[in-house]
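Read the structure below first, then the notes.
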Amino acid sequence: MDRKLVVSSSPHIKSPETIRSIMIDVLVALFPVALMAVFLFGFRALATMIIAMVAAMATEAIILRRKNLFGDGSAAVTGLLLAMTLPPAPPWWVVVIGSVVAIGVGKHIYGGLGNNIFNPALVGRAVLFVSWSTHVAGNVWIKPVPFGFTADAVTQASPLVTYDASLGDLFIGTVSGALGETSALALIIGAIWLFYRGHIDWRIPGSFIGIVFILGLFDGGLYMGLYHVLAGGVMLGALFMATDMVTSPVTPAGKLIFGLGCGIVTMAIRMFGGMPEGVTFGILLMNGLTPLIDNMTLPKKFGEVKKSA
Amino acid sequence: MSERTFVGGIHPGYFKESTSGIPIAPAKAPSQVIIPLQQNIGAPCEAIVKVGDEVKMGQKIGEPKGFVSAPIHASVSGKVSKIEPFNHPMGTQVLAVFIENDGQDTPDEGMKPNKSLEELTPEEIKAISKEAGLVGMGGATFPTHVKLSPPPEIQIDTVIINGAECEPFLTADHRLMLERADDIVFGLQAFMKALGATRGIIGIEDNKPDAISSVRKAVAESSGDYNIEVHPLHTKYPQGAEKMLIKATTGREVPPGALPMAVNVVNQNTGTAIAMAEAIKLGKPLYERVVTVTGPGIKKPGNLLVRNGTLIRDIIEQCGGLTSDARKLVLGGPMMGLAQPTDEIPAIKGTSGVLVLTEEFVKEQPIASCIKCGKCVEVCPMNLLPSFIGAASEKKVYDLAEKYGAMDCFECGCCTYTCPAKRPLVQWIRIAKGAIAASRKK
Amino acid sequence: MDLTMSIVIIGGLGVLFGGLLAYAAKRFAVEEDPRVEVVTDLLPGANCGACGLAGCSSAAEKIVAGEIPVDSCIPGGKKVADSICEVLGIESVASGGRKVAEIHCLGTKDVAPDKFDYQGVRDCKAAMMYSGGFKACAYGCLGLGTCVEACPFEALSMGANGLPQVDTEKCTGCGVCAKACPRNVIHIELADRKAKYIPCNSKASGKVVRQACEVGCIGCRACVKACPNEAVTVENNLAVINREKCTDCGKCVEACKRGIIKDVGTVLVLK
Amino acid sequence: MHLLAIIFVAILSNNIVLSQFLGICPYLGVTKRIDTSVGMGMAVIFVMTMAAIVTWVLDLFLLQPFGLEFLRTIAFILVIAGLVQLVEMILKKTNPALFRALGIYLPLITTNCTILGVALLNVQSGHNIIETVVYSIATGIGFTLAMVIMAGIRERLELVNMSNYLKGAAVTLVSAGILSLAFMGFKGMVTL
Amino acid sequence: MSTLAQEFSKGLLKENPTFRLLLGMCPTLAITTSAFFGFGMGVSVFFVLLCSNIVISVIRNFVPDKVRMPAYILVIATFVTITDMVLNAFVPELHKALGIFIPLIVVNCIIMGRAEAFARKNNVIRSILDALGMGVGVTMSLTLVGIIRELFGAGSIFGYNIMGTAFEPMGVLATPPGAFITLGILLGLFNYAFKRLGIE
């Protein structure tokens, strides 16, 4: 022993998992979704995703004065998630501003990864939505052309406006919509990877999708229940946005409440609100409530007998 | 095979293969033993020998000063050369008795067989366990006679022998269960008799099928009138933690802050059961124990029977010495063991393992912000919120740390093991516990 | 009409509420000492706790009630004590000289080596939990900055040499850092008197100190012998200079074999 | 239904803090801890309702008959200031426990523009007495809701390492902005 | 005793009511959708502050301590009502835009705060200087926020198009969320700048 011994607190072994490895897992999980987006909407979708990721990573690297663009990978995830909520081909500057807002305002105002209260990608998306709704909502939904990588863009109304898409199309994704929200199939494949790696818990997606389905039943039976689940951003939101570790509760009961809240607000906006889609607002609102939910749902300690009220 | 377990926990790499197949071998007695006068939780002992005294092997050299304490015995015969403070595995300096070994191993006259178990009364068993200086040998070193003396209003109905050995790397208990299963059963019978318990359970993790069958065989052969069951347990850390073991074997949950006695259960370690058997059968006090010497930093890992007071350096030497990239010395297992600043530390009754880790294990990773992934919450066997306790402790908001359950943590290390942000949660919790205890005292 | 009604209504409301309030003030009067507020304003408001109480407002309460002396506020010093006396209408009390924090250790990494590599929470108290701290010297500064974090006046900073430094302009001598230091390296001493001091805290024997640190006091008594004023004494293997007796003659400095005796206010003390 | 609509609008889609910008000072000042924001919220609900009733009566029976609407500001603020002080004194004497819980917030309420704002909004939008009461209570609840959410966020932010420049009011404002974005989702859900 | 010049200048930066003392945030957020509205609000506050500071410092020795708060409020409310009428008469579109925030000047913490903290303890001259400094400080701050929000939220400043016709304004800045976020970030920037400039 020529060097000094190391002394530290127990435990002396650590799992190989790091933040970076988790972020890479999330990127892997988003890969089928991204692939599907390119398959349906062509190379313009790829361009949107790359612009968003690069802008997000560059913003973070500048803020942290870090040379390594990828870093812990969280900025890449945020950028890609933001792109997933955007239409296939918004103007490039809209994407860049969205990424800058997401990383700058949504994340680094709070001191960076882990400290933010609101999901950065959704903050970016909400700001874009309020600022330039003509570019990110409205008449921007390009009709999907499978294998039409360079096909001309023809827009059509969102299935959340028309309510006439077939459930099969919604499941496969051959409908118009934001890059990452059309194909429930791809989203589920990605989410299975995350489940397998233990990065998401069934509670948030389960309660979110469950309550959307149940409320959908009231909107027109089984068909509408499924329609509400498959159309729009519910799958993307429930599987990838609401499950964002940083901005969702850590307690098991809290996760259920969180998912329920997201679903209820989403459906309230869809059914009664002034906008066709409410996933973004639902999740952002519940993000704000997360600290309170955590505080109110402290788990029962091992061996503790709940005091009878 | 019913696998019972608890909620939470982790599945670290176990690293047991390197030593689980190596039979226990007696370690060479060193030329000098250094026996600290504090070997268990509770008050330290008072030396009852003087410098220059000749002592015999097994002779009592330290007399306990309080109830929660156990006597200490010489592990070699020879001459007391000095009594002065020396390094202690707890990281402090503690008064220790230095004995020059004369190599004769002259046994003390007091070491003679007791009556058979059938003839002994519960009181006598307790007295034997106290005189023999028995303590919990899993690491916590709680004096055994205290565990055998529950308050009169509590009737213990179950004694559990902890053969889980859930700490990675360690195999001492595993070997004992293979080689000394009869003594384990005998020890358990003694505990049951002392407590008037009607049920004995030996819990063994199911990654040790050979131990399970060995102990099962011993139970079938020699349990006699005693109702003893062998429970295979789900392999998961910290299955061997007192409260988790009780939950897994009996389904009872020990309330926060309480001892297993609260649910009428007493836990004992396999090593303690064997020491109990030896104390009754041979009159032999606890002055040596099996230690697993292992880890990637050890050239020839093994399981050694080590005399109390042997320097870790001598033990390591007998195992071929250290590899060149050894960087960390841990007494105990990798999850709860204590890292040592030097190898000039004596082995004591609670030393279950000598673990030497190499460079790759000690690479310091930067502490990132908590990303609230909740993985620590999932794995916490006590159902606490380690991430929040850690964050509160980092900011020195100790009342918040208490609210999230800091005081109920038993430092199993699952949270720190799991944390992808590499946050030293256990250490923060430990700091918070200290601060909370200090403020309560005020 | 408008004007009259305006006056009547506003006046009426004024009279109504004025009357009600006047009545309520009498009917629901609760005794309070107005001086508490004044004294609270006088105190520095850093809530440092040097007075031993939870904060400045509770200190003010106790001062007004006469439960603690008027000069209880150490950071405020004589100035604050005097103005409190003025408010309370009592005679000014003589208050001692200004005090500052003084770092009693010179053991930078080069001269006082570590005995092992510590990994974990960067906080001195946390580091003390593992084998009593990683420095070979059991008394020296660990340099993890717990005192810097504790200082309510931003008077301490971590120097490039790994030891804390005191900004004597900002330091009020409140002693929070001294309490925060788990090794009691920081002493609160008189600031204004010209004197020498020995920046070491080691109570270990000379032999141990020699092994652990190149700039530690070994208790050799050379300074004791050299001092013409009997200002230096050695207790627990550590030489201490009595600031009242020291005349700043410098004889001890010449005598010290390890060359560690310094002027008060020069070593590790900026400005 | 109409009253329910008033409640919905007052609490969610037209939240007094997050979309009407009233009561920002206490919002920045008192949202450091959850329990104090609950206390403040309760005090606001109480005073707001009382003040709204008194000013509504005053407006209907004194100011309007004489055509003195221009005196509203003066008269209302006078009433509110007096009322708050009265409540404070009475509470202090008769119910010290409640005073300790709410009393410390009362002085803050005098200069809380939500109270005067709601009183003025009530008379400006021609609410009847029932609408006035409902609107005031709902607004108070909306205020409390916004306060408590922010307090939760700030308690959590206490435990993170963030820039000293942004800590406190700055990050509270940004968070309020994002919350306000989230609340925009309720826009248009109910129209009055 | 600070000099008269200091009495005036402290309100501009060191004790700027908006960015340093965080007073009167409601109108700062609500009406700064354009530079003009911000300026108008600032001037209104300025006027009320100046008048009330003068009157209060004049009457400070006659008003019994117990009723000073209602008395101050009455004074302030009077000037607010005058402002309300004047604005309505001469700049009705501004009056409409500021809406309820004109009567709410009464409870604007800046004015009450200066009355409590300054005017009741100082003579008329000092009170006037204090009001001038604070008033200019408020007006500057409100106008600044207004300029930023108008520039990016509408592409113009004081109604003059700056960014050209191709510019697509960032609509969020005209909405409540934009107000909060802009002010929050500005506040952070000011904190940073003040620290850098050594102004505590």
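Chain identifiers are assigned alphabetically (A, B, ...) following the order of the sequence lines, protein sequences preceding nucleic acid strands; residue numbering begins at 1 within each chain.
- For A:Asn295, the part lying under 4.5 angstrom from a heavy atom of chain D is the side chain only.
- Contact between D:Gly152 and A:Pro291 at its shortest, heavy atoms only, is O-CB, 3.3 Å.
- Atom CG of A:Leu289 is separated from atom CD1 of D:Ile149 by 4.5 Å, given to the nearest 0.5 angstrom.
- Both the backbone and the side chain of A:Tyr110 come within contact range of chain D, each with at least one heavy atom under 4.5 Å from a heavy atom of that chain.
- The CD1 atom of A:Ile269 sits 12.0 Å away from atom NZ of D:Lys187, with the distance rounded to the nearest 0.5 Å.
- The heavy-atom pair separating D:Met184 from A:Met275 by the smallest distance is O-CE, 3.6 Å.
- In this structure, no portion of D:Met150 lies under 4.5 Å from any heavy atom of chain A.
- Heavy-atom distances place the side chain of D:Leu157, and not its backbone, under 4.5 Å from chain A.
- Here the CZ-CZ distance, from A:Phe281 to D:Phe183, works out to 12.5 Å after rounding to the nearest 0.5 Å.
- Atom CD1 in D:Ile178 sits 9.5 Å away from atom CD1 in A:Ile117 (nearest 0.5 Å).
- With rounding to the nearest 0.5 Å, the separation of CD in D:Glu155 from CG in A:Leu292 is 8.5 Å.
- Heavy-atom distances place both the backbone and the side chain of D:Leu181 under 4.5 Å from chain A.
- Environment of NZ in D:Lys32: sparse, with no more than 12 heavy atoms of neighbouring residues, nucleotides or ligands closer than 6.0 Å.
- Looking at A:Asp294, only its side chain comes within 4.5 Å of chain D, counting heavy atoms on both sides.
- Note: D:Ile153 CD1 to A:Asn116 CG = 11.5 Å, rounded to the nearest 0.5 Å.
- With a 4.5 Å cut-off on non-hydrogen atoms, A:Val265 touches chain D through its side chain but not through its backbone.
- For D:Ile130, the CD1 atom counts as loosely surrounded, since its 6.0 Å shell holds 12 or fewer non-hydrogen atoms of other residues, nucleotides or ligands.
- Residues D:Arg156 and A:Asn115 form no side-chain contact, since every pair of their non-hydrogen atoms from C-beta on lies 4.5 Å or further apart.
- The two residues D:Met162 and A:Ile109 come nearest to each other via the heavy atoms CE-O, 3.3 Å.
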